[in-house]
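As the structure is a prediction and not an experimental result, all values here were calculated from the model. Heavy-atom basis, side chains included; hydrogens, waters and symmetry copies ignored. Residue numbers begin at 1 in each chain, while the letters A, B, ... track the order of the sequences.
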Number of protein chains: 2
Amino acid sequence: MSHYPKSPLMGQMMQQPLLISSLIQHADRHFGGNEIVSRRVEGDIHRYTYRECHQRARQLASALQALGVGMGDRVGTLAWNGYRHLELYYAISGSGAVNHTINPRLHPDQVAYIINHAEDGCLFFDLTFLHLVESVAARCPTIKRYVAMTDRAHMPAGARIPGLLCYEELIAQNADDFRWPVFDENAAATLCYTSGTTGNPKGVLYSHRSTVLHTYASCMPDALNISGREVVLPAVPMFHVNAWGIPYSAPLTGAKLVFPGPALDGKSLHALFEQEKVTFSAGVPTVWHGLLEYVEQNQLAFTSFRRALVGGSACPPEMMKVFRTRYGVELVHSWGMTEMSPLGTVCHLQHHHLHLPREAQEAILRRQGHVIYGVDVRIVDDGGSELPWDGKTCGNLQVRGHWVASGYFRTADKAALDDGWFVTGDVATIDVEGYIQITDRSKDVIKSGGEWIGSIDLENIAMAHPAVKQAACIGVFHPKWDERPLLVVVRKPDGSVTRDELLAHYNGKIAKWWTPDDVVFVDALPVGATGKILKNEIRDQLRHYTLPGA
Amino acid sequence: MSHYPKSPLMGQMMQQPLLISSLIQHADRHFGGNEIVSRRVEGDIHRYTYRECHQRARQLASALQALGVGMGDRVGTLAWNGYRHLELYYAISGSGAVNHTINPRLHPDQVAYIINHAEDGCLFFDLTFLHLVESVAARCPTIKRYVAMTDRAHMPAGARIPGLLCYEELIAQNADDFRWPVFDENAAATLCYTSGTTGNPKGVLYSHRSTVLHTYASCMPDALNISGREVVLPAVPMFHVNAWGIPYSAPLTGAKLVFPGPALDGKSLHALFEQEKVTFSAGVPTVWHGLLEYVEQNQLAFTSFRRALVGGSACPPEMMKVFRTRYGVELVHSWGMTEMSPLGTVCHLQHHHLHLPREAQEAILRRQGHVIYGVDVRIVDDGGSELPWDGKTCGNLQVRGHWVASGYFRTADKAALDDGWFVTGDVATIDVEGYIQITDRSKDVIKSGGEWIGSIDLENIAMAHPAVKQAACIGVFHPKWDERPLLVVVRKPDGSVTRDELLAHYNGKIAKWWTPDDVVFVDALPVGATGKILKNEIRDQLRHYTLPGA
């Protein structure tokens, strides 16, 4: 922080940089015997301890050094949530290199673009992604070394990858006498590309300092509330915004860590939750939807699962209610972005809410929540003027803070900053108590007669109808109002509902003029690499659609 | 952190220093309506909000500026826990000056020494301390301005203090347009002198960075576990190690804050706990002892109080048990020091302890606890070699971390550092899971035939006897064993127990050779300014005592 004015009197406290390596060192020294359990790509369950994880991470760091990976060099990973990926998190960042997690759900062209843009020198991958790697290898000249994250027995025969190395052999060939280097806490630590629906992906380059501060903040009671009494299963992938920081927060607290590998379907998750006594999880609404469906169809329950953070997109309130009332599981609403490491807000009650009737509490808990200390938020109009916090006025949501991006890797693109605030592209209200409700993406907001209609509210109401499986609301051209809302719906397999029934379903739930003008039923909605519905594509598919009476 | 090696690649995250002013700004913006309630020196109850606190803190910062207080200048406070003291915390540190909290329980000579050593330029004081200030003012030439923390109506008539200012007038005379300056996070923020039992007090100079990191850490579930659902009453004084950080952690979380003022007796505390629905508190064992006595004598209960952090000295396990089983209040054991801001360890169970029988859990919870991420611990022998973590081997406890002192204010005294570790002066065991048990102060440990006997265990066993009010154990000369333990006991008013009964009470509770050789009954034990028993004085009082048979 040397570019800020110094005081004539500096504090006399010990100086040590905030480094990611200190997290796994802490876990080893103070929670060394606590467990890390992984469902492997190979199919079986692997278990070991934080102490063994730290030992292997140091062996791996020696291996990276031997492979010529230096400070600031990018190392790519294409991997599920598992212990080997965790070892890479610490070995790469801990040794001063940059852990570049790549989303394997992206199109191979985008994967190749990202690898070339990042100039990854090594690529580590789970066997699942062998064909993906084979399909991009010839286009990725910067990669000098490919490593399959498995043992010799499982190495693929005849892989079309030059000089493919075996992860377990790399570990075995190196001693664990590696000592984590000490360097400037503002050094780059990890790199994650946004999966923007338009344009090329953009790289967010996190620092050690931003990551450690985010880790402290994420453990707090009003954030993820992670203690050593939790068994944590990150259902959000480690290839996407560092699994919301859980690979860092669990070691900080000594919580038992359970990795689901590639098996994120309801059946596999439920089995692992029960077997390992998982208490807390985190993931996107789609995951909880799948889990709920499985549990309902098979009339199952949860014996240890009590809380899950839900984010990535708005969680249908109906699902939150079912999880809580039928299964005793609180889905905790949160909001963030790749550019925010990702945590911005988490929704919890405050002391003076505890005496409110449950219904009023639920109205609060449906919002995206309250900002965590370390980031700040504001809403502004299109002209950049700050808007009031009245719970009604919609505005462009902007953020700033210790773990917010100030730019993108290797682009001059500073457009996302407005007077030092990051422009999130979300539209939200903030109420008088600081609770945020995301009403839309700014590119999706429906502008009807000069007023803004938030599509998320309209979608949530549709989703609460028993016959509706998925819903998306888009603005379509209207000669008088400029735009009017159109509801696009996927019915449940056994669901039956008409256009008029669905529109009548809005009565009394929302201002009359917010009610969609029409409904279009479709078989499926287009979904992107991180599970988000792609409204651009819906708009494109319906470009010839005309509103009734328009 | 510019003196650490830079990486060729730095992260691209927003840069903002960790400053104390950001805590009260956050509380204002995001928890502006949440309450701060104070029992005033004037006797009544005062209540306002974080927003008003922030406004008055800015008015006060303007006033400090007008009084000529600059960056790095020391401003002294002699005050109880209350809203005005909180305003000073933020106004002084936030504006770049150094908030020097002075312990009014020290001897006036020590108070004068501290003020002169710190070169305080202003002194703010509660009316309670008028006579103390009058008695030292003539000896404190650096102080240019004295401010009585009250309104005009309560200003003392005929105070023998030159140019005495009125706090409320200072506030009223200044606008709230003060903008918190942005400066290096390593700047000095607060100053607290240790109340060492020997030698002159030594100043610990905390930085903004160390304080903010300590605040993050202290809120975590395995530390103080402070959320916005708590009502927090710091029973530990703000003049002693910043009330264990609660004036910072409560604003971070939006917790309702309740200040007891000077009234720390059982009756006053119980009334305030009930009236304000306090859920969490923090204080030294003496405070909880007084509260328990009052509640028991009056057959009362607690309707909201559920948890309290206990530290400063070891908490008798018997009292922890009574609070839990009779009143549903968990006393959470912790350990720290002025030189550690103060938090080092807090005692909580981990996931794999939850299935243990309650007795085994209690055995864990009686220890001082587990280190918080951000600090590290080790035990070494007198030669400086690290000792094993087996729960049995006693060693000198050393610490290091972000909020540990690297030296003392204006002394060249680096003696307390051993290879970068701070020598705590405590003797402890650490078990295989990292739980620390303080067995003694290194100067109090009893060295019998080359082995170390911890006096705290011996005192706890004595305290568990129903007739014992207080106990201290000291080593006294023995011709064969060098030292042997002597128990010094204060009986309860209605307690009756003989020497032989008390020694028999040790049977089966401890190794036979640890049993004290003798018991001396006294009327009272000498106590220091922070409530600790002064063993030096006991040893001095008993210097002519000879062991039976020695």
- [ ] Name the orientation class of the two ring planes belonging to A/Tyr193 and A/His100 (parallel below 30°, tilted from 30 to 60°, perpendicular beyond 60°).
- [x]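 Correct class here is tilted.
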Using a 4.5 angstrom heavy-atom cutoff, name the option from [options] with the most pairs to chain B.
options: A/Glu230, A/His348, A/Lys256, A/Glu35; answer: A/His348
options: A/Ser207, A/Ser227, A/Gly72; answer: A/Ser227
options: A/Met220, A/Met71, A/His352, A/His402; answer: A/His402
options: A/Trp389, A/Tyr435, A/Phe422, A/Trp403; answer: A/Trp389
options: A/Val432, A/Thr253, A/Asn34, A/Val231; answer: A/Asn34
options: A/Thr211, A/Asn225, A/Thr279, A/Thr215; answer: A/Asn225

Open item on the list: Ring centroids only, cut at 6.0 angstrom: are A/His30 and A/Tyr50 within range, meaning strictly under it?
Closed with: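 Between A/His30 and A/Tyr50, the centre distance exceeds or equals 6.0 Å.
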Checking [X] against chain A: side chain, backbone, both or neither under 4.5 Å from a heavy atom?
X: B/Leu354; result: side chain
X: B/His370; result: side chain
X: B/Leu19; result: backbone
X: B/Ile430; result: neither
X: B/Ala189; result: neither
X: B/Leu191; result: neither
X: B/Asp73; result: neither

- [ ] For A/Leu417 and A/Ala405, work out which heavy atoms get closest and say how close.
- [x]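 Taking every non-hydrogen atom into account, CD2-O, 4.2 Å.
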Open item on the list: Show the nearest heavy-atom pair for residues B/Ser210 and A/Met13, with the distance to one decimal.
Closed with: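 Minimum heavy-atom separation between B/Ser210 and A/Met13: OG-CG, 3.4 Å.
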Open item on the list: I'd like to check the side-chain contact (heavy atoms from CB on, under 4.5 Å) partners of B/Thr190; sequence neighbours left out, ordered by chain and number.
Closed with: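 If we apply the side-chain contact (heavy atoms from CB on, under 4.5 Å) test to B/Thr190, skipping adjacent residues, the hits are B/Ser93, B/Asn99, B/Tyr206, B/Asn242, B/Tyr248.
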TODO: Check side-chain contact (heavy atoms from CB on, under 4.5 Å) between B/Ala188 and all other residues, then give those that pass, not counting sequence neighbours.
DONE: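 Here the qualifying residues are A/Leu9, B/Val98, B/Leu205.
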- [ ] Side chain from CB out, backbone as N, CA, C, O: work out which of these in A/Val232 comes under 4.5 Å of a heavy atom of chain B, or both, or neither.
- [x]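 For A/Val232, no heavy atom lies under 4.5 Å from chain B.
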TODO: List the steps and the verdict of side-chain contact (heavy atoms from CB on, under 4.5 Å) for A/Val258 and A/Glu276.
DONE: CA-CA 7 Å; A/Val258 181; A/Glu276 299 301 330; 3.9 Å; yes
Open item on the list: What verdict does the side-chain contact (heavy atoms from CB on, under 4.5 Å) test give for B/Arg378 and B/Trp421, after you've listed the backbone C-alpha separation in whole Å, the side-chain angles of each residue and the deciding distance to 0.1 Å?
Closed with: CA-CA 9 Å; B/Arg378 66 176 190 179; B/Trp421 293 76; 3.4 Å; yes
Task: Most contacts with chain A, counted as non-hydrogen pairs under 4.5 angstrom, among B/Gly254, B/Ala217, B/Gly96 - done: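 Between B/Gly254, B/Ala217, B/Gly96, the count favours B/Ala217.
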Open item on the list: Quick check on the interface: out of B/Gly32, B/Ala27, B/Gly228, B/Gly434, who has the most heavy-atom pairs with chain A under 4.5 Å?
Closed with: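 Of the candidates given, the most pairs with chain A belong to B/Gly228.
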TODO: Any chance you could lay out the side-chain contact (heavy atoms from CB on, under 4.5 Å) test for B/Asp120 and B/Val75, step after step, and finish with the verdict?
DONE: CA-CA 5 Å; B/Asp120 292 331; B/Val75 177; over 6 Å; no
- [ ] Please answer whether the main-chain N or O of A/Ala118 pairs with a side-chain N or O of A/Arg74 as donor and acceptor at a distance below 3.5 Å.
- [x]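 Confirmed, A/Arg74 side chain pairs with A/Ala118 backbone.
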